[in-house]
Amino acid sequence: MKVAVVGATGLVGTKMLQVLAERNFPVTELILVASEKSIGKEVTFKGKQYKIVSAADAIKQKPDVAIFSAGGNTSLEQAPLFAEAGITVIDNSSAWRMDPTKKLIVPEVNADVLTAEDKIIANPNCSTIQMVVALKPLHDKYQIKRVVVSTYQSVTGTGVKAVEQLMNERKGVDGAMAYPYKIDLNVLPHIDVFTENGYTKEEMKMIKETKKIMGDDSIRVTATTVRIPVMGGHSESLNVEFANDFDLAEVRELLSNAPGVVVTDDVANLKYPMPLDAHDKDDVFVGRIRRDESQPNTLNCWVVSDNLRKGAATNAVQIAEYLASKNLIGQAVEA
Ligand code: 2RA
């Protein structure tokens, strides 16, 4: 499989290469694309050096699939050029997620909607991905009415500059600010920009993307997304109201048997999911599973996952794996 990675030098792009190698994705040829200033630089993949090329050069080489993590503007400009050449694009930006003509995919939830005609496929927001992986088995069984989610998101979700700000602050060193305030020893109830309804774009992504991925607009979602000084992954507190009652033992069994989910729930022995444990793993870890005793048919739980992996790179590679397994990755046509 000829694979292009667009945005190959960023946090997520680098993680995509790591995941492609770890999962032995059948890469016969690798084409790396990054910004103008990076063209000509070399990146190592599976012990071999690859020179970064321009998007135009990448299209000429006719990869079968192009995995993007290059920001929304770059994707809006370049993804259609790849798609017009018959190259299947899997895009990690928010550019295409709510486009009604594009599929928004979490393989454990809705990969079956994909067809060979899908040439630009959207990878959901990291905080949405881990939530729907956990919700899917419970929705199938008990029918979700409403989700109240509060997130505790890693600085890696912002990017390198935020990681550097946190590390500088921990060392007492002045440096560039990714955030409007200190992040060390602090939390920011502010991820992405505020919208006119008082929510942030991150919160609106979780609300809108969940309905699209689950294929059910009746699911009501409200979200508060918070940035915390953590590296290993995003954590989320979920309060989930169902149309039907549930049995806690059955909930645990459904989650334990769900693809991509690991239940870590033994509070008697202080076993629960934490970003330190989720770091660099592909699973969605669920714990603190308990009934909400304030209202019927309602569950509380805690969900943790590495936002750079399952929240971005791994989910995108899993989409490519699914497409390859179903022979849905198109052959590039003459550009
Ligand atoms: C964040 N989910 O955590 C957003 C984008 N990665 O900043």
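Atoms within each ligand, like the ligands themselves, are counted from 1 in listed order. Note that the numbering runs from 1 along the sequence shown for the chain.
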Student: Can you list the other members of the hydrophobic cluster that holds Ile228, where links are side-chain heavy atoms under 4.5 angstrom apart?
Tutor: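 Members alongside Ile228: Tyr152, Val187, Val226, Val230, Trp302, Val304.
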Student: Within the supplied structure, the quantity of interest is the number of heavy atoms (other residues, nucleotides, ligands) at a distance under 6.0 Å from Arg23 CZ; does it exceed 12?
Tutor: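 Yes - once you tally the heavy atoms of other residues, nucleotides and ligands closer than 6.0 Å, there are more than 12.
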Student: Got a salt bridge between Glu84 and Lys119, using NZ or NE/NH1/NH2 to carboxylate O under 4.0 Å?
Tutor: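 Salt bridge: no.
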Student: Does the pair Val148 and Arg146 meet the rule for a side chain to side chain contact (heavy atoms under 4.5 Å, CB included), with working shown?
Tutor: CA-CA 7 Å; Val148 180; Arg146 180 174 184 250; 3.5 Å; yes
Student: Taking Asn123 for its side chain and Ala312 for its backbone only, find out whether a donor-acceptor pair lies under 3.5 Å.
Tutor: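 It does hold such a pair.
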Student: Hey, which of Asn297, Asp292, Thr298 is the one that makes side-chain hydrogen bond (donor to acceptor under 3.5 Å, both in side chains) with Gln295?
Tutor: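 The residue from Asn297, Asp292, Thr298 that satisfies side-chain hydrogen bond (donor to acceptor under 3.5 Å, both in side chains) with Gln295 turns out to be Thr298.
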Student: For ligand 1, list every N/O pair with the protein closer than 3.5 Å, one pair per line with the distance.
Tutor:
from     : atom 1 : to     : atom 2 : distance (Å)
ligand 1 : 2 (N)  : Asn125 : OD1    : 3.0
ligand 1 : 2 (N)  : Glu202 : OE1    : 3.3
ligand 1 : 2 (N)  : Glu202 : OE2    : 2.6
ligand 1 : 3 (O)  : Gln153 : NE2    : 3.0
ligand 1 : 3 (O)  : Arg227 : NH1    : 3.1
ligand 1 : 3 (O)  : His234 : NE2    : 3.2
ligand 1 : 6 (N)  : Gly157 : O      : 3.0
ligand 1 : 7 (O)  : Gly157 : O      : 3.0
ligand 1 : 7 (O)  : Arg227 : NH1    : 3.4
ligand 1 : 7 (O)  : Arg227 : NH2    : 2.5

